[in-house]
Number of protein chains: 2
Amino acid sequence: MPKLVDHEERRAHIIDALLRSAARNGLHAVTMRSVAIEADVSVRLVQYYFDTKEQLLLAAMTRLATRMGERVQRRVRTAGTTADPRGIIEAVLLEAVPTDEESRTFHLVYTEYAVLSVTDPALGGQPFLAAPDEMESFLAAQLTAAQQAGDAAPHLDPRQEAVVLLAVSAGLGLSVLLNQRTADAATTVLHYHLGRIFPDRA
Amino acid sequence: MPKLVDHEERRAHIIDALLRSAARNGLHAVTMRSVAIEADVSVRLVQYYFDTKEQLLLAAMTRLATRMGERVQRRVRTAGTTADPRGIIEAVLLEAVPTDEESRTFHLVYTEYAVLSVTDPALGGQPFLAAPDEMESFLAAQLTAAQQAGDAAPHLDPRQEAVVLLAVSAGLGLSVLLNQRTADAATTVLHYHLGRIFPDRA
DNA sequence: GTTTTTATGGTACAACCATACCATCAAACT
DNA sequence: AGTTTGATGGTATGGTTGTACCATAAAAAC
């Protein structure tokens, strides 16, 4: 046999092509052919590495979910060095607000997948269920820590506030994607809301 | 000529068929044929009343946006009779949380359209830009009124709080659509958050 | 050195889609 | 009464899509 190629690498290459194609023309417009062209391989190869389109779409969704996890974790780590809970929470929530083009297309395709997974039975959207649950607990824990440190208002319910925070950042992120708001405006609102949870100490 | 039919009525009938079809199998799966079957007319008729598929999709989107406005206004009127600002705000925001099946499919298709309009140039999503802007002003005004009546915390910025409220309800609504949360859970969180804006007076 | 594998290209095919074209029937108008 | 015109059905067509099939070169296995 020839080159004896690294399957995972090739698969990743093709999936990335799919995501780029989806970002440009929408997930609904993705076709075997468009992916092949974008990846600069033959359609046959796409078939070879992902038998069917359904499997290709599924693999791309999984990769997307993984990347989302990495993105958030990177934010946590970067903010975590200078470490106070408010900074960490802020960093995590800002991930949902797309600023540059890369972030914008990423979240756009992610959202398209999320919405698609509701109606498409082949995409039983499990990847979209686990992550937010984890996030909710994580944020609640950070809020509790902040309260104990005296940084956050003590009368708040951490669990509920965590849900509100996630909803706010999701809602703001979506509004930015839909061009209803600029990323700056969304960021400002998010800061404002955080200010209501973490009162300034003079 | 025969029956001399009411065009607007027929168009409405076909559009409703499209929306039902989209609700069941996803907007991406809508085809001339599926709409025709759902409306129990021939494909030719769909062509007759909406020349092209693009125009059909556009008309349905417009109708959807109109209905959304009616839905919100109905909430305002229903709550407006017993009239305090908090009740009105609550009613409006609860519209975004789909409880029954009808509401769920409505919001699902609406969201699918909103996301689609980002990538599809033919659907330059204007209908999705004007409405949220109006809502924001409306909510800000209600909040200001509530503050003057002494019902809402006076130190809040009405404009920013209005944006936060819209983002929260959009985020919660989306999470319900994605089956991340039940409608009840979302409602509870919304009430909690309103409780932070409208402190209980003993 | 022959025989398997493995990776790849090309092409063919059946299904489906949007749309264009042709036909018809009946009400309204003249 | 005859002609126009609005409403509808049916069918053909050109393009696209996902996938199956056939071929082949070349590295590995024996």
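Just so it is clear: chains get the letters A, B, ... in the order the sequence lines come, proteins before strands, and each one is counted from 1.
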Undergrad: Scan for side chain to side chain donor-acceptor pair (under 3.5 Å) pairs involving residues 182-199 of chain A, sequence neighbours excluded, and state none if there are none.
TA: Glu90(A)-His191(A), Tyr192(A)-Glu161(B), Arg196(A)-Glu161(B)
Undergrad: Taking all non-hydrogen atoms of both residues into account, name the closest pair between Leu143(A) and Pro158(A) and its distance.
TA: CD1-O, 3.5 Å
Undergrad: Round to the nearest Å and state the distance from Asn25(A) atom CG to dT17(D) atom P.
TA: 11 Å
Undergrad: Please write out the pairs of protein N or O atoms and N or O atoms of nucleotides 8-12 of chain D separated by less than 3.5 Å, giving the distance to one decimal.
TA:
{"from": "dT8(D)", "atom 1": "OP1", "to": "Arg10(B)", "atom 2": "NE", "distance (Å)": "3.4"}
{"from": "dT8(D)", "atom 1": "OP1", "to": "Arg10(B)", "atom 2": "NH2", "distance (Å)": "2.6"}
{"from": "dT8(D)", "atom 1": "OP2", "to": "Arg10(B)", "atom 2": "NE", "distance (Å)": "3.2"}
{"from": "dT8(D)", "atom 1": "OP2", "to": "Tyr49(B)", "atom 2": "OH", "distance (Å)": "2.3"}
{"from": "dG9(D)", "atom 1": "OP2", "to": "Ser42(B)", "atom 2": "OG", "distance (Å)": "2.5"}
{"from": "dG9(D)", "atom 1": "O6", "to": "Arg44(B)", "atom 2": "NE", "distance (Å)": "3.3"}
{"from": "dG10(D)", "atom 1": "O6", "to": "Arg44(B)", "atom 2": "NE", "distance (Å)": "3.4"}

Undergrad: Does the side chain of Ser175(B) come within less than 4.5 Å of Leu178(B)'s, by heavy atoms?
TA: no
Undergrad: Do side-chain atoms of His107(A) reach the backbone of Glu95(A) as a donor and acceptor pair under 3.5 angstrom?
TA: yes
Undergrad: Ignoring backbone atoms, establish whether His7(A) has a side-chain N or O less than 4.0 Å from OP1 or OP2 of dT6(C).
TA: no
Undergrad: If the condition is salt bridge (charged side-chain N to carboxylate O under 4.0 Å, His left out), which residues does Arg104(A) pass it with, not counting sequence neighbours?
TA: none
Undergrad: Among pairs that include at least one residue of residues 47-58 of chain B, which meet side chain to side chain donor-acceptor pair (under 3.5 Å), considering only residues two or more places apart or in two chains?
TA: none
Undergrad: Relative to each other, are the rings of Tyr110(B) and Phe106(B) parallel, tilted or perpendicular (30° and 60° limits)?
TA: parallel
Undergrad: Is there a side-chain contact between Thr31(A) and the phosphate of dG18(D), meaning an N or O under 4.0 Å from OP1 or OP2?
TA: yes
Undergrad: What pairs of residues pass the side chain to side chain donor-acceptor pair (under 3.5 Å) test when at least one of them lies in residues 137-149 of chain B, not counting sequence neighbours?
TA: Ser137(B)-Arg159(B)
Undergrad: Using a 4.0 Å cut-off on heavy atoms, which residues in residues 50-59 of chain B reach DNA chain C? List them by number, or say none.
TA: Thr52(B), Lys53(B)
Undergrad: Check the distance between dT17(D)'s C1' and His28(B)'s NE2 and give it to me in whole angstrom.
TA: 14 Å
Undergrad: Among the nucleotides dC17(C), dT19(C), dT19(D), which one has an atom lying closest to any side-chain atom of Met32(B)?
TA: dT19(C)
